[in-house]
Amino acid sequence: MIAQSIANAIVAVSPVVLVSIGLSLIYACTRTLHFAHGAVLSCAPFVVYVLHRDLGVPLFLCLVIGCLATYGIAIILDLLIYRPMRYRNASSLAILLASLGVAVVLQNGLSLAFGDNVMSWRAGSSAKILAIFGARLTMPQVIGLCAAVSLSVAVLALIALTRTGKLFRAVSCGAGLAEVVGVDVHRVVL
């Protein structure tokens, strides 16, 4: 019973860990809280839902398109809203309020398009139950947990071992100083 409770908690927390990693990366680069982060990420499941369930696109392709669509939304928001505010040296409070406004618009847009009811669908059979250390997990739970761990390690490796990570660390330590030594801060923020 305890093993099952621990497994359920770990499975439930794994997507939250990924969201918090993204939120902390945004904060490290921009020094502002991005309240719209969750709303932007909420767009991906709806893209996947529409493509897979309504249009019959294969699930893996839907996942890739959902991620790319969410990345596109984030880039558009940065280019149209946040970057102009940073150019004008807007305060962190002003950017925070803008992100709150973006969150409200995105959430209400999704509510208008899809309603406020919980939506779900089966992307395949989850009848296979795995027993791991005395806990019973479905295959989608195991895949989700493995994906969360893999992506967390990948982000850590990206930041610690790559040139992009070095640029990111430079901007997070001081955007002004990084810009002086030739780092394209706006590209790193994107």
Shortest non-hydrogen contact from Gln141 toward Val11: CG-CG1, 4.0 Å

Where Leu110 and Ala39 come nearest, the two heavy atoms and their spacing: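 Closest heavy-atom pair between Leu110 and Ala39: CD1-O, 4.4 Å.
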
Nearest 0.5 Å, what's the OG-CD1 distance between Ser172 and Ile26?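 Going from OG on Ser172 over to CD1 on Ile26, the span is 13.5 Å.
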
Distance, nearest 0.5 Å, that separates CD1 of Ile75 from OG1 of Thr70: 11.0 Å

Any ring pair (Phe, Tyr, Trp, His ring centres under 6.0 Å) involving residues 156-187? Give me the pairs, sequence neighbours left out, ordered by first then second residue.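 Counting only pairs at least two positions apart or across chains, the ring pair (Phe, Tyr, Trp, His ring centres under 6.0 Å) contacts touching residues 156-187 are Tyr87-His186.
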
Can you find a side-chain donor-acceptor pair between Thr162 and Thr164 that sits under 3.5 Å?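 There is no such pair (donor and acceptor under 3.5 Å, judged by atom type) between the side chains of Thr162 and Thr164.
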
Assess the residue pair Val47 and Cys62 against the criterion (side-chain contact (heavy atoms from CB on, under 4.5 Å)); give the C-alpha distance rounded to whole Å, side-chain angles, the decisive distance to 0.1 Å, and a yes or no. CA-CA 8 Å; Val47 169; Cys62 292; over 6 Å; no

Should Val185 and Arg86 count as side-chain neighbours, where that means a heavy-atom distance under 4.5 Å?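 Counting from C-beta outward, Val185 and Arg86 never come under 4.5 Å.
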
Report yes if the side chains of Leu25 and Ile159 come closer than 4.5 Å at any heavy-atom pair, otherwise no.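 Yes; the side chains approach each other to less than 4.5 Å.
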
Name all residues meeting the side chain to side chain donor-acceptor pair (under 3.5 Å) criterion together with Asn117; count only those two or more places apart in sequence or in a different chain, and write none if there are none.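 For Asn117, no residue satisfies side chain to side chain donor-acceptor pair (under 3.5 Å) once neighbours in sequence are set aside.
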
When Ile, Leu, Val, Met, Phe, Trp and Tyr are grouped by side-chain heavy atoms lying under 4.5 Å apart, directly or through other members, which residues fall in the same group as Val64? Phe60, Leu68

Please lay out, stage by stage, how Leu137 and Ile129 fare under the test side-chain contact (heavy atoms from CB on, under 4.5 Å). CA-CA 6 Å; Leu137 297 172; Ile129 304 290; over 6 Å; no

